[in-house]
Amino acid sequence: MSAALALPWVDMRQVTVRYGRVQALDQVTLRITAGERVALVGANGSGKSTLLRVLHGLADASGGGFQCHGDMRLAMLFQRPHMLRTSAQNNVALALWLRGARWRDARTAALAALQRVGLQDIAAQNARTLSGGQQQRVALARAWALKPDVLLLDEPTASLDPHAKREVEALMADFAASHGAAGPAHPVTMVFSSHNLGQVKRLASRVIYMEHGRVVADLPVHDFFNGPLPEAARLFVKGELV
Ligand SMILES: Nc1ncnc2c1ncn2[C@@H]1O[C@H](COP(=O)(O)OP(=O)(O)OP(=O)(O)O)[C@@H](O)[C@H]1O
Ligand SMILES: [Mg+2]
C-alpha cells in the first residue's frame, strides 16, 4: 500500500453537535482513510445526515476535534437532488463554471459527464422535467465532472424505484472504483447513508451503525453482517432485513 492510501482523509475526535437540547452527534470518534467505502446506518434521527454534513463542512461541531487531510475536493448528493430550471447539461456545466472553468469548456465537460451516466440523449432537456432517477444521475454526473476525492451521499436512492435504484447503485460503484483528480494513487473515498442493507452489503467496505448520535458499531462490512454485534445493532439489522 502506498503512503497516499494509508493517509486518513479525516480524523474526528469526540465530535459533538447540538441543536438546542438535541445531541445530534455525541462524542463521535472516527478516522476515514482514502479509498474506503463507508456506509452509515441507523434509525431515523440517529445522526447520519448530521455526520455527513459535518464531514462536508455544512455543519459545525459544537465540541471535539476535527482534522482533514490536505486539500481534498468534496462533492455531496442528497436524497432529492437540487436541479436548476435549465438543461441537464447546463446544470452540470454551472458547477464547473462556478469552480472557474470557461463556459465553453464547462459545457463540453458536462456533456462527457452526462455520457458517463448514460444521459447524453437528454442533455438538452430541462432538468426539472426529468424523472427522479434521471435527476439523481445528473447529480452524479455533476459530482463526477468536479473530480472529487471524496463523495458524500445522503440516502441517494431512497426515493427511487428498484430499476432506477440499481442504475444509481451501479454508478456509485463505478465512482467508488475511480480515482480523484490527483491520479490513480488517490482513490475516491465514499461515505453514504442508507436504510437499504442490501445496498450496504453491495457497496460498502465498512459499516458504521449509529444510535442517538453515537457510533455504536464500526466494522468491516463482512463482520457487520456475519459477526457478533452490540444488541441494539443486531436488532436493527434483524428488523431491517425482515
Ligand atoms: N438543523 C437542525 N435543527 C434542529 N435539529 C436538528 C437539525 N438537524 C438535525 N437535527 C436533529 O438531530 C438529530 C439527528 O438528525 P439527523 O438528520 O442527523 O438523523 P438521520 O440519522 O439522518 O435520520 P434519517 O434517517 O431520518 O435521515 C435528530 O433528532 C434531528 O431532529
Ligand atoms: Mg438523514
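Counting starts at 1 for both ligands and their atoms, following the listed order. The first residue in the sequence is number 1, and the count goes up from there.
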> Please examine the side chains of M210 and L25, heavy atoms only from C-beta on, and report whether any two atoms are closer than 4.5 Å.
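Yes, their side chains come closer than 4.5 Å.
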> Determine, counting only non-hydrogen atoms of the protein, whether one lies under 4.0 angstrom from atom 2 (C) of ligand 1.
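When distances to the protein are checked, atom 2 (C) of ligand 1 has a heavy atom within 4.0 Å.
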> For the pair W103 and W97, name the ring-plane relationship: parallel under 30°, tilted 30 to 60°, perpendicular over 60°.
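Perpendicular.
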> What are the atoms of ligand 1, with element, lying closer than 4.0 Å to any heavy atom of A43?
21 (O)
> L55 versus L74: any side-chain heavy-atom pair under 4.5 Å?
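The answer is no, as the side chains (C-beta and beyond) never meet within the 4.5 Å cut-off.
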> Taking the side chain as C-beta and beyond, is there a heavy-atom pair between Q136 and L77 under 4.5 Å?
yes
> Can you check whether K147 reaches R99 side chain to side chain, under 4.5 Å on heavy atoms?
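Counting from C-beta outward, K147 and R99 never come under 4.5 Å.
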> State plainly whether one hydrophobic cluster holds both V168 and L146, where clusters connect Ile, Leu, Val, Met, Phe, Trp and Tyr through side-chain heavy atoms under 4.5 angstrom apart.
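V168 does not cluster with L146.
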> Counting only heavy atoms, tell me which of K48, R21, Q79, H212 gets closest to atom 21 (O) of ligand 1.
K48
> Is any side-chain heavy atom of Q23 closer than 4.5 Å to a side-chain heavy atom of H212?
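No, every pair of side-chain atoms sits at 4.5 Å or beyond.
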> When you compare ligand 1 with G45, is there at least one nitrogen or oxygen pair between them that comes in under 3.5 angstrom?
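Looking only at distances, the answer is yes, because the N/O contact criterion of under 3.5 Å is met.
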> Rounded to the nearest 0.5 Å, how far does CG of D161 lie from CD of E167?
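Reported value, rounded in 0.5 Å steps: 8.5 Å.
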> Students should be able to answer this: which protein heavy-atom is nearest to atom 27 (O) of ligand 1, and at what distance?
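Ranked first by proximity to atom 27 (O) of ligand 1 is E155 OE2, 3.3 Å.
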> List every atom of ligand 1 that sits less than 4.0 Å from any heavy atom of H195, numbering the atoms from 1 in the order shown and giving each element.
25 (O)
> Might you check, step by step, whether the distance between atom 31 (O) of ligand 1 and some protein heavy atom is under 4.0 Å?
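Within 4.0 Å: no protein heavy atom nearby.
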> Considering T50, V17, N44, which one's heavy-atom position lies nearest to atom 18 (O) of ligand 1?
T50
> Kindly compute the distance separating OG (S178) from CZ (R116), expressed to the nearest 0.5 Å.
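S178 atom OG to R116 atom CZ measures 5.5 Å (nearest 0.5 Å).
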> Kindly work out whether a path of hydrophobic side-chain contacts (I/L/V/M/F/W/Y, heavy atoms less than 4.5 Å apart) joins L94 to L114.
no
> State plainly whether the residues E231 and R234 are in salt-bridge range, i.e. N to O under 4.0 Å.
yes
> Out of D223, V191, I32, which one pairs with R206 under the side chain to side chain contact (heavy atoms under 4.5 Å, CB included) rule?
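One option only clears the test, and that one is I32.
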> To check your reading of the model: name the closest protein heavy atom to atom 17 (O) of ligand 1, its residue, and the distance in Å.
S49 CB, 3.7 Å
> What do you reckon, does M210 put a non-hydrogen atom under 4.0 Å from ligand 1?
no
> Select one of side chain, backbone, both or neither to describe which atoms of R53 lie under 4.0 Å from any atom of ligand 1, heavy atoms only.
side chain
> Could you tell me the residue and atom name of the protein heavy atom closest to atom 12 (O) of ligand 1, and the distance to it rounded to 0.1 Å?
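Sorting protein heavy atoms by distance from atom 12 (O) of ligand 1 puts A24 CB, 3.3 Å first.
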> Compare all side-chain heavy atoms of F175 with those of L140 and state whether any distance is below 4.5 angstrom.
yes
> Could you tell me the residue and atom name of the protein heavy atom closest to atom 10 (N) of ligand 1, and the distance to it rounded to 0.1 Å?
Y19 CD1, 3.5 Å
> Counting from 1, what ligand 1 atoms have a heavy atom of V22 closer than 4.0 Å?
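Taking each heavy atom of V22 in turn, ligand 1 has 11 (C), 12 (O), 13 (C), 29 (O) under 4.0 Å.
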> Would G47 count as a contact residue for ligand 1, given that I'm defining contact as a non-hydrogen atom of the residue lying under 4.0 Å from a ligand atom?
yes
> Using a cut-off of 2.8 Å, how many protein N, O or S atoms sit around the Mg ion (ligand 2)?
1
